[in-house]
Amino acid sequence: MKQLFALLLFVFFFPTLLFSQNLKGPQQFAAANNLAETGFSAERLKRIDHWIENFVAAGKAPNVVVFVARNGRVVYHKAFGYSNIAQQRKATTGDVFRIASQTKAIATVALMTLFEEGRFLLDDPVSKYIPAFANAKLLVRYDTLNPVGGTFETAPLHRPITIRQLLSHTSGITYEHPLEQRPEFKVPTLNSMAPVRLADVVDRLATRPLLHEPGSGFYYGLNTEVVGRLVEVLSGDPLDVAIRKRVTEPLGMQDTYFYLPDSKKNRLVELYSKPSETAALKVHDNDTFRMYPVAGARTYFTAGAGMVSTASDYGRFCQMLLNGGSFNNKRILSPQTLTLMTSNQIGASWVWDREDKFGLGFELVTAGTRYLEPAPVGSFSWGGAYCSDYLVDPEHKLVIQTFTNVQPYAHYNELNKKLRSLIYQAMY
């Protein structure tokens, strides 16, 4: 009888024990009370305070929130400036920001959970799940003088678009398109307050002729909107529900949404613009960009640009990636899947002029990078159009978040490059 009881314990509890042993890395953030133990200099971290204070005082940013964690210990988490300048509302670490293209990584992870369930293969044609892509064409000629009303010519694709190409931005789907203002091809490029839905947007996008053959190179574009629709089709849930079930809720991300609940909308920072170094900061003149998270129809779950979050909330997501797929004692993805996602998927192509590669959802730092120094090779990152940015550095077990909301922003590179230099100089 004792042997049978012991066997039952083994059968029921061994999988749980094995699962918990496979969880790698810290499962919660903790304050770094002794910075020396994390490999950071308290004295050198003060340089960040001084630099950001001067940066904000010079009118280069309305606010900056920085989150830095190493080995799950929060090394630096501070807010500077004002979340709303006119109201003189001081920025806090709990402020909610529009994260635009940082949404892409979350939607990508949601899709890859379905990959792990055997719902699809990466090299499956997209048309297998979204029939509208069965007739995708290549644009070969258009009336350059009258792209809206003139004629254009298309040709069949040499090969169909695959899911891998969507995730690596090699499908030929772009953001800017010469025919984008034609009514039959017009889709939202960022956010919308109109009563549109992802399914309808993606079906219309599928009819827009591609500018490049699938697989011919890295062309950043509306690929992740299609990824989001795939999540809906394969999971049977609306995108917001699928992401909540598969990513944000398990990770304990309590402030990450497509649309903020009314109880939290007062935490959304104002959106500003500063298109040139000499221009003054001013409230953005596009009401959709400013208000979509708290107003309008709230029906468009854009997987490429639609979410809002806090620096620490998104830090939980990044720590999950750094841990090889687990955080909050929940495994989202396997380490093997994360290895695949952070491997070069674009061959000999480069990410623009950065001389970096791209995996499935992430830019990958290479030895010849021109953008993310001093982050070491193997780090991965991306940013958003409203000026949020993240970096995951596996070599140093480091997560960095830099959040502000300005678009367009003349100081984007200055802010992120200098802040990263300041963070790395404080490590030893």
Side-chain angles (χ1 to χ4, degrees), residues 47-48 51-52 55 60-61 64 66-68 70 99-105 108 165 167-176 211-212 215-221 223-224 274-277 304-305 314 318 321-322 338-339 341-404 406-427:
R47 295 178 179 180
I48 301 176
W51 187 83
I52 299 179
F55 191 80
K60 292 184 176 182
V64 180
V66 179
F67 177 90
V68 181
R70 191 177 194 190
I99 63 171
S101 286
Q102 286 190 224
T103 309
K104 289 179 168 67
T108 296
Q165 290 164 348
L167 292 168
S168 58
H169 291 271
T170 57
S171 71
I173 296 173
T174 58
Y175 274 117
E176 292 77 21
L211 300 187
H212 310 278
S216 63
F218 178 85
Y219 303 103
Y220 192 49
N223 297 274
T224 317
K274 196 176 190 303
S276 71
E277 293 187 2
Y314 204 88
C318 288
L321 301 174
L322 184 59
L338 259 297
T339 297
M341 293 171 68
T342 53
S343 300
N344 175 26
Q345 300 287 330
I346 63 173
S349 297
W350 299 103
V351 176
W352 300 315
D353 63 345
R354 302 180 184 183
E355 297 195 10
D356 283 337
K357 298 298 182 180
F358 208 87
L360 302 177
F362 310 107
E363 178 184 8
L364 313 175
V365 178
T366 66
T369 184
R370 294 183 177 181
Y371 186 67
L372 294 176
E373 65 280 0
V377 173
S379 301
F380 52 97
S381 72
W382 203 243
Y386 301 122
C387 264
S388 60
D389 199 86
Y390 71 90
L391 172 73
V392 178
D393 174 353
E395 180 178 323
H396 296 105
K397 306 298 182 187
L398 190 67
V399 167
I400 298 174
Q401 303 287 330
T402 306
F403 276 20
T404 191
V406 188
Q407 192 277 333
Y409 192 32
H411 300 283
Y412 178 82
N413 282 342
E414 179 184 3
L415 175 64
N416 288 291
K417 287 186 176 182
K418 288 186 176 179
L419 267 178
R420 286 180 181 166
S421 296
L422 285 160
I423 292 164
Y424 275 94
Q425 64 83 32
M427 284 198 313

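For Trp382, the ring pair (Phe, Tyr, Trp, His ring centres under 6.0 Å) test picks out Tyr220, Trp352, Phe358, with sequence neighbours left out. For Tyr412, the side-chain hydrogen bond (donor to acceptor under 3.5 Å, both in side chains) partners two or more places apart in sequence, or in a different chain, are Asp389. By the salt bridge (Lys or Arg N to Asp or Glu O under 4.0 Å) test, Lys397 is found to be paired with no residue, residues two or more places apart in sequence or in another chain being considered.
Formation of a donor-acceptor pair under 3.5 Å by the Thr366 side chain with backbone atoms of Glu355 is found in this model. Under the 3.5 Å distance criterion, the side-chain polar atoms of Lys357 are matched with a main-chain donor or acceptor of Gly347.
What you find for Ser388 and Gln102 is that their closest heavy atoms are OG-OE1, 2.8 Å. What you find for Ser379 and Pro394 is that their closest heavy atoms are CA-CD, 3.8 Å. Contact detail for Gly383 and Ser101: the closest heavy-atom pair is O-CB, 3.2 Å. Nearest approach of Ser168 to Gln345, heavy atoms of both residues: CB-CB, 3.8 Å. Here the closest non-hydrogen pair linking Lys274 and Val406 is N-CG1, 3.6 Å. When every heavy atom of Ala105 is checked against every heavy atom of Phe362, the shortest pair comes out as CB-CE2, 3.8 Å.
Between the CG atom in Leu422 and the OH atom in Tyr424 there is a gap of 13.0 Å [rounded to 0.5 Å]. Rounding to the nearest 0.5 angstrom, the gap separating the CG atom in Leu364 from the OG atom in Ser343 is 7.5 Å. The distance from the CD1 atom of Ile346 to the OH atom of Tyr219 is 11.0 Å, given to the nearest 0.5 Å. Atom CD of residue Glu414 and atom NZ of residue Lys60 lie 4.0 Å apart, to the nearest 0.5 angstrom. The OG atom of Ser381 sits 5.0 Å away from the CZ atom of Arg420 when rounded to the nearest 0.5 Å. Here the straight-line distance linking atom OG1 of Thr170 with atom CD of Gln165 works out to 4.5 Å at 0.5 Å rounding.
Using a 4.5 Å heavy-atom cutoff, the side chains of Thr404 and Thr402 are not in contact. At least one side-chain heavy atom of Trp51 sits less than 4.5 Å from a side-chain heavy atom of Leu415. Contact check for His212 versus Thr174: side-chain heavy atoms found under the 4.5 Å cut-off. At least one side-chain heavy atom of Leu419 sits under 4.5 Å from a side-chain heavy atom of Ile52. The shortest side-chain heavy-atom distance between Ile99 and Tyr314 falls under the 4.5 Å cut-off. The closest side-chain heavy-atom distance from His169 to Thr224 is below 4.5 Å. Using a 4.5 Å cut-off on side-chain heavy atoms (C-beta onward), Pro376 and Asp393 make contact.
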Checking side chain to side chain contact (heavy atoms under 4.5 Å, CB included) for the pair Arg370/Trp350: CA distance, chi angles, key distance, verdict?
CA-CA 11 Å; Arg370 294 183 177 181; Trp350 299 103; over 6 Å; no
Run the numbers on Val377 and Glu395 for side chain to side chain contact (heavy atoms under 4.5 Å, CB included), then give the verdict.
CA-CA 8 Å; Val377 173; Glu395 180 178 323; over 6 Å; no
Check the pair Phe380, Met341 against side chain to side chain contact (heavy atoms under 4.5 Å, CB included), reporting the backbone distance first and the verdict last.
CA-CA 10 Å; Phe380 52 97; Met341 293 171 68; over 6 Å; no
Would you please test Ile48 and Val68 for side chain to side chain contact (heavy atoms under 4.5 Å, CB included) and show each step?
CA-CA 12 Å; Ile48 301 176; Val68 181; 5.8 Å; no
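Of the candidates Val392, Ile400, Leu391, Val392 is the only one forming a side chain to side chain contact (heavy atoms under 4.5 Å, CB included) with Cys318.
The aromatic rings of Tyr409 and His411 sit perpendicular, their planes meeting at an angle over 60°, well past the 30° parallel limit.
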